[in-house]
Amino acid sequence: MGAWEVLVTRQIPEAGLDLIRKECSVRLWEEDRPIPKEKLLALAAGKDGIVCLLSDPMGGDVIAAAGPKLKVIATMAVGFDNIDLDEATRRGIVVGNTPGVLTEATADLTLALILSLGRRIVEGDRLVRSGRWTGWAPTQLVGADFNGKTLGIVGLGRIGKAVARRAKGFGLNVIYHNRRRLAEPEEAAIPVRFVSLEELVRESDFLSLHCPLNQESYHLIGKEQLEQMKPRAYLINVARGPVVDEAALVEALRKKQIAGAALDVYEQEPKLSPGLAEIANVVLAPHLGSASIETRNRMAVMTAENLLAGLKGGLPPWCVNPQARQKK
Ligand code: GLV
């Protein structure tokens, strides 16, 4: 029991919760489902700090409901598109996230999706379980080779680079598009080649998304881009659902404009666009990017460290709006 009143919107790994409990009085939303909006609004009231998840809509209404004591929001995620950052900054509330620590786990998952999609592992699993498998057949569930193919990466930040490094081991050539081009020595060291978004979409055999969600990346891949992709190309999204126009993707898959898709994120998580689950050549993961034991434990500890630093009036060690400190 400590001095600060804190809301934690879901059970997080104990390693983080223990640190918070040592110094704070914690109101934990204990149910094993996301906190409903009305509960979030009610329980935020009067808190000094909030630990939230990427599934919690931390808009201006929640920030206002928390009231003037709120000093810090610590999200247990690297992405913070669910938080109204302008409003938090305006009110002098610092926001912390968990960059870096989930890079390797998310890149591992991306490769797992590329491999299972290209080699049709999930379709094969369904066939074997169904009891309809009649044994090895020369043309059964044949998929894609990786060696010599082109992987296109949208967003060559930490995670994109970690994916590119792994892709090399599978003989994939990597091209990328990013808001800012890397310096040539860094490109050569990975190695990757910078192209326009149009070229990336047209040239990729595997098109993998690793950019943050913002106004520029909303529906970055829509009807037009899907039409430009090769008919034998695959789309992989481990970034944020709204980077892809999901209804347009369903349509493109139905029309066989592309060969398949693997998604870890969805436009209206956890809801799926109508028809998506009925399509055979899609792999659908339940937002597992950072879901390894070590990574989630480390994320929880970073979240606690962000929260405690913010409560003490300092900057969270991983702060996305340090300018907020000038306001309080
Ligand atoms: C996962 O999607 C994260 O942003 O941490």
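Fair warning: this is a prediction, and the values are worked out from it, not measured in the lab.
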Student: Working to the nearest 0.5 Å, report the span between CD1 of Ile93 and CG of Asn321.
Tutor: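 Rounded to the nearest 0.5 Å, the CD1-CG separation comes out at 9.0 Å.
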Student: May I have the step-by-step check of side-chain contact (heavy atoms from CB on, under 4.5 Å) for Ile12 and Arg296, ending in yes or no?
Tutor: CA-CA 8 Å; Ile12 63 170; Arg296 288 281 167 88; over 6 Å; no
Student: Determine the sole option in Lys223, Glu227, Met229 for which the side chain to side chain contact (heavy atoms under 4.5 Å, CB included) test with Gln257 is passed.
Tutor: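 Among Lys223, Glu227, Met229, the one meeting side chain to side chain contact (heavy atoms under 4.5 Å, CB included) with Gln257 is Glu227.
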Student: Could you check whether the rings of Phe194 and Tyr176 sit parallel, tilted or perpendicular, using 30° and 60° as the cut-offs?
Tutor: perpendicular
Student: Arg126 and Ala280: which non-hydrogen atoms are nearest, and at how many Å?
Tutor: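 Answer, listing the atom of Arg126 first, then Ala280: NH2-O, 3.0 Å.
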Student: Other residues, nucleotides and ligands only: do more than 12 of their heavy atoms fall within 6.0 Å of CZ on Arg193?
Tutor: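 Open.
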Student: Measure across Asn281 and Leu117 and return the closest heavy-atom pair with its distance rounded to 0.1 Å.
Tutor: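 Shortest heavy-atom contact: O-CD1, 3.8 Å.
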Student: Would you say Ser204 and Ile175 make side-chain contact, with heavy atoms under 4.5 Å?
Tutor: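 In contact.
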Student: Does CD belonging to Gln268 count more than 12 external heavy atoms closer than 6.0 Å?
Tutor: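 No, because the 6.0 Å sphere around CD of Gln268 holds 12 heavy atoms or fewer from other groups.
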Student: Do the non-hydrogen side-chain atoms of Lys37 and Pro57 ever get within less than 4.5 Å of each other?
Tutor: yes
Student: Are Glu186 and Lys161 within salt-bridge range, i.e. N to O under 4.0 Å?
Tutor: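 Looking at Lys161 together with Glu186, the answer is yes, because their closest N to O distance falls below 4.0 Å.
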Student: Name the one of Val238, Thr110, Leu235, Ile153 that satisfies side chain to side chain contact (heavy atoms under 4.5 Å, CB included) with Leu209?
Tutor: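 Between Leu209 and the candidates, side chain to side chain contact (heavy atoms under 4.5 Å, CB included) is satisfied uniquely by Leu235.
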Student: If you count every heavy atom of other residues, nucleotides or ligands that lies below 6.0 Å from Lys230 atom NZ, does the total exceed 12?
Tutor: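 Enclosed.
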